[in-house]
S.K.: 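Before we start, here is the structure in question, set down as structure tokens.
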Number of protein chains: 2
Amino acid sequence: MSKRVYGQFCGFSRALEVVGERWALLIVRDLLVGPQRFTDLFRGLPGIPTNVLAARLRELEDAGIVVRRVLPRPEGSIVYELTARGEELEETVVALGRWGAKALDAPRCGEVVTVDSLITAMRSTFRPEAACGVHCAYELHFGDVVVHMRVDDGTLVAGAGPIDDADLVIEASPAIKAVMAGEMSPPQAIESGAVRVTGDERLLARFADVFRI
Amino acid sequence: MSKRVYGQFCGFSRALEVVGERWALLIVRDLLVGPQRFTDLFRGLPGIPTNVLAARLRELEDAGIVVRRVLPRPEGSIVYELTARGEELEETVVALGRWGAKALDAPRCGEVVTVDSLITAMRSTFRPEAACGVHCAYELHFGDVVVHMRVDDGTLVAGAGPIDDADLVIEASPAIKAVMAGEMSPPQAIESGAVRVTGDERLLARFADVFRI
DNA sequence: CCGGATCCTCGGTGATACTG
DNA sequence: CAGTATCACCGAGGATCCGG
């Protein structure tokens, strides 16, 4: 028996042989947000060596999870994007993200928040059953990271950057986690300055209900 | 920045720091079936070095996912079992197992099937919506591995070993995957000898409908 | 600048032997 | 049975360099 195989005839261990390597699922997480160039991925994965990123991308490509595509003119640059097979990893990523969010405490020294990780976090905590009949657009600022969420009756579209018709703009600190976990009431969060909002303050309560840890 | 941390304030990357190590999720998968002793885990994870197993168990224990418990008399031996927090990983494990099962082709040379992996596979492929109104007990043999599934109206209880009141006993080969994936009809599977059954043969069609890749 | 390739170091993994 | 000890080795981490 040789390298990196688990020696079991089993879908789960076969899956781990493909996406169980260090950094692999983080790359998939970022690509779930959208196609990205090598440098975009590199910047979104603080600390990854470029050779490891290149190696993982090649492995994921060989496994049929990622495709390498040359953009049309004028950029002519290269983007990596998920195949349909790769997109199917979303439920796994969301499930693990939700599991991890429950135990997320305070940021450790040097930890950053990236656009893609924040979008995945919002997708992980989204509760369709709590969003029935809800039509609302949020813009969420976390440091200099900006994402937006459009909630439409049980469906969520989350993406990078601002949104023009936001019903509520939220400027969050790490304390927003306490609000989403139900440990701090929305009015109290605004009162204490943990969260600053622009728009109808009552929409924050709905936010905390729709995106719940 | 040092060892094994991803440097992101994000539930998903924090989760990977805990269960992203090699072998870790396989240990969790086996423990999801039930508490196990060190040697049981060792036998269920072909190829794992004992020091790695010991290290992972300690890490999972430190992370609050596993508890080490001393059995009461007369064995006095030690079992490892999941905490409530550890059990919450089931949806992630099932999601990844389902994803991997879709791409499972033929067994590679030297690959084995373990009891725990088979139970997880059955849990992953179970479709509650197809099991409405179904009350049936299956016993599944795969080589010398035997598991059972009791389906009761949208719920599944799967465990190790035989079951006394089985409605259908299935003796499967790797070709059973084709049946579960809808690539081979149940009668054809019996005809070709890919699957041998004891009991009402028509129950195999229901089996293939309830457990679907 | 982008998309890597190369080199080197170090720690974790894998395999085996050994012990309470 | 339940691990610990030892050691070779490979891949991750970190920096630098290179072709388009």
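Computed from heavy atoms alone, side chains included, the values below leave out hydrogens, waters and symmetry copies. Quantities reported herein were computed from a predicted structural model and do not represent experimental measurements. Chain A is the first sequence line, chain B the second, and so forth, proteins listed ahead of strands; every chain is numbered from 1.
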S.K.: Return the value, rounded to whole Å, for the distance between atom CD of Gln36(B) and atom P of dG3(D).
M.R.: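 Taking CD of Gln36(B) and P of dG3(D), I get 14 Å after rounding.
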S.K.: Establish, with yes or no, whether the OP1 or OP2 oxygen of dG3(D) is under 4.0 angstrom from a side-chain nitrogen or oxygen of Arg68(B).
M.R.: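 So the side chain of Arg68(B) is within the cut-off, an N or O lying under 4.0 Å from OP1 or OP2 of dG3(D).
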S.K.: Does Glu90(A) have any salt bridge (charged side-chain N to carboxylate O under 4.0 Å, His left out) partners at least two apart in sequence or in another chain, and if so, which?
M.R.: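 By the salt bridge (charged side-chain N to carboxylate O under 4.0 Å, His left out) rule, Glu90(A) matches no residue at all.
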S.K.: Give a yes/no answer on whether the side chain of Arg22(B) brings an N or O atom under 4.0 Å of OP1 or OP2 in dG14(C).
M.R.: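 Indeed, a polar side-chain atom of Arg22(B) lies that close.
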S.K.: Let me spell it out: for each of Thr50(B) and Ala55(B), pick the nucleotide of DNA chain C with the closest heavy atom. Which residue's pick is nearer the 5' end?
M.R.: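 Per heavy-atom nearest nucleotide, the more 5' residue is Ala55(B).
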S.K.: Measure the distance from CD on Glu59(B) to P on dT13(C) and round it to the nearest whole Å.
M.R.: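 Nearest whole value for this atom pair: 7 Å.
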S.K.: Pairs of donor and acceptor atoms involving the side chains of residues 41-64 of chain B, under 3.5 Å and at least two apart or interchain, shall be tabulated with distances.
M.R.:
| unit_1 | atom_1 | unit_2 | atom_2 | d |
| --- | --- | --- | --- | --- |
| Arg56(B) | NE | Arg22(B) | O | 2.8 |
| Arg56(B) | NH1 | Glu59(B) | OE1 | 3.3 |
| Arg56(B) | NH1 | Glu59(B) | OE2 | 3.2 |

S.K.: Nearest whole Å is fine: how far is dG11(D) P from Leu53(A) CG?
M.R.: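 Rounding to the nearest Å, CG of Leu53(A) and P of dG11(D) are 18 Å apart.
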S.K.: Please determine if a side-chain N or O atom of Thr39(A) lies less than 4.0 Å away from the OP1 or OP2 oxygen of dG3(C).
M.R.: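 Indeed, a polar side-chain atom of Thr39(A) lies that close.
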S.K.: Identify, with sequence neighbours excluded, every residue that meets salt bridge (charged side-chain N to carboxylate O under 4.0 Å, His left out) alongside Arg98(B).
M.R.: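 With sequence neighbours excluded, Arg98(B) shows a salt bridge (charged side-chain N to carboxylate O under 4.0 Å, His left out) to Glu91(A), given in chain and number order.
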S.K.: Below the 4.0 Å mark, does dG3(D) have OP1 or OP2 next to a side-chain nitrogen or oxygen of Tyr80(B)?
M.R.: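 For dG3(D), OP1/OP2 do have a side-chain N/O of Tyr80(B) under 4.0 Å.
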S.K.: In terms of ring plane angle, is the pair Phe211(A) and Phe126(A) parallel, tilted or perpendicular, where the classes change at 30° and 60°?
M.R.: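 Aromatic pair Phe211(A)/Phe126(A) classed tilted.
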S.K.: Rounding to an integer number of Å, can you tell me how far Phe42(A) CZ sits from dG13(D) P?
M.R.: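 Roughly 12 Å, once rounded to whole Å.
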S.K.: Return the set of residues passing ring pair (Phe, Tyr, Trp, His ring centres under 6.0 Å) with Phe12(B) (not counting sequence neighbours), or none when no residue passes.
M.R.: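 In terms of ring pair (Phe, Tyr, Trp, His ring centres under 6.0 Å), with neighbours along the sequence ignored, Phe12(B) is linked to no residue.
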S.K.: For Leu57(A) and dG3(C), what is the distance between atoms CG and C1' respectively, to the nearest whole Å?
M.R.: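 Value for this atom pair: 11 Å.
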S.K.: Indicate, with a heavy-atom threshold strictly under 4.0 Å, whether Ser77(B) touches base, sugar-phosphate, or nothing.
M.R.: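 The residue Ser77(B) makes sugar-phosphate contact but no base contact.
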S.K.: Measuring to OP1 and OP2 of dG14(C), would you say a side-chain N or O of Arg56(B) lies under 4.0 angstrom away?
M.R.: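 For dG14(C), OP1/OP2 do not have a side-chain N/O of Arg56(B) under 4.0 Å.
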S.K.: Can you tell me which residue pairs pass the ring pair (Phe, Tyr, Trp, His ring centres under 6.0 Å) test with a partner in residues 88-117 of chain A, sequence neighbours excluded?
M.R.: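 Residue pairs with at least one partner in residues 88-117 of chain A: there are none.
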S.K.: Per the end-axis method with five pairs at each terminus, what is the bend angle of the helix from dC1(C)-dG20(D) to dG20(C)-dC1(D), to 10°?
M.R.: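 About 30°, once rounded to a multiple of 10°.
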